[in-house]
Amino acid sequence: MQTGNTIFLALGASHLPPNQPTLWLRALVSIASFWAGCFLFSQFHRRTKHPQRKLVLAASFLIQTLFIVISAALAQSRTLIPAFGKTSLPSHLSEHELALREIDENDPRTLVPLALLAFQFGGQIVSSRVLGINEVPTNVLTSLYCDLLSDPLLLARYNGGKGNKKRDRRIVSIILLIVGGVIGGWLQRSEAGMSAPLWIAAGVKAAVTLGWVFWKGRLTEKKPGAVEEKGVATV
């Protein structure tokens, strides 16, 4: 996600792409917000001293959910940020519609939901690192494709879930991202608009948040002189 934004930020120095004078600014806001999310969520997990505790993970996903809910509400209003709340997007635009879209895209208010979503994405990728699922970066595919196809156990049998779990997670991640993109695109073209996929995303993250609360934990390793603790998540 931030690879493309970094390229757009760099292209902004030469005033490219044409007719999008503020694209570099949107890219910069997204990158800065993503950085902030990565830093703050990582600090949150680190300072709790038990980053894999179920309640810590639930709190992290709850914060991410709230940021998506706010963005969905902004899109749902369709008046606070008109460019962000558009519905029934057409496949082709006339010159007049293109001019109107350019005005909307240059509206500084669009930076608000952009920052909110980029920030929670930082928390999302930090969560995958905390859980030790480094094979699924959650928001980029380039490294995922490379790691999948260069896996020496790519063709290993499934074997009832005891085979190549990393490969399986990568494949599922790719499929879900593509399916989600297709569904989100068609929802944006419908009367539901941008708010629909955001509400769905918020619902999914809310379900994950509750899932951490009720997830079966495990006992941490008991060290000499230490108290045995419960509630550490297992994946």
Derivation and outcome, side-chain contact (heavy atoms from CB on, under 4.5 Å), residues Phe34 and Asn5: CA-CA 11 Å; Phe34 182 78; Asn5 282 327; over 6 Å; no

Can you check whether [Y]'s main-chain N or O pairs, donor with acceptor, with [X]'s side chain at less than 3.5 Å?
X	Y	answer
Lys54	Trp215	yes
Thr65	Phe61	yes
Asn164	Leu153	yes
Ser42	Phe39	yes

Shortest non-hydrogen contact from [X] to [Y]?
X	Y	value
Leu154	Leu148	CD1-O, 3.4 Å
Val130	Pro51	CG1-O, 3.4 Å
Val126	His45	CG1-CD2, 4.0 Å
Pro113	Ile81	CD-CD1, 3.5 Å
Trp24	Leu9	O-CD1, 3.6 Å
Trp199	Ala73	CZ2-N, 3.9 Å

Can Leu187 and Ile200 be said to form a side-chain contact (heavy atoms from CB on, under 4.5 Å), step by step? CA-CA 11 Å; Leu187 284 173; Ile200 293 173; 3.7 Å; yes

How many angstroms lie between atom [atom1] of [X] and atom [atom2] of [Y], to the nearest 0.5 angstrom?
X	Y	atom1	atom2	result
Phe41	Arg46	CZ	CZ	14.0 Å
Phe119	Gln64	CZ	CD	9.5 Å
Tyr145	Ser150	OH	OG	14.0 Å
Leu116	Leu198	CG	CG	10.5 Å
Arg53	Ser60	CZ	OG	15.5 Å

For [X] and [Y], which I'm curious about, is there any donor-acceptor pair between the side chains at under 3.5 Å?
X	Y	value
Trp35	Gln2	no
Arg26	Thr22	yes
Gln124	Ser128	no

Salt-bridged, Asp151 to Arg170, with N to O below 4.0 Å? yes

Do the non-hydrogen side-chain atoms of [X] and [Y] ever get within less than 4.5 Å of each other?
X	Y	result
Val56	Trp212	no
Pro17	Phe8	yes
Leu114	Ser33	no
Thr3	Thr142	no
Ile183	Pro197	no

Apart from Leu176 itself, what residues make up its hydrophobic cluster when side-chain heavy atoms of I, L, V, M, F, W and Y under 4.5 Å apart count as a link, directly or indirectly? Val172

Which is it for Glu135 and Arg169 under the salt bridge (charged side-chain N to carboxylate O under 4.0 Å, His left out) test, yes or no, and what are the steps along the way? CA-CA 8 Å; Glu135 66 271 14; Arg169 287 170 177 165; 2.9 Å; yes

Flag yes if Ile63 and Leu117 sit in one hydrophobic cluster, no otherwise; membership is Ile, Leu, Val, Met, Phe, Trp, Tyr, and two members link when side-chain heavy atoms are under 4.5 Å apart. yes

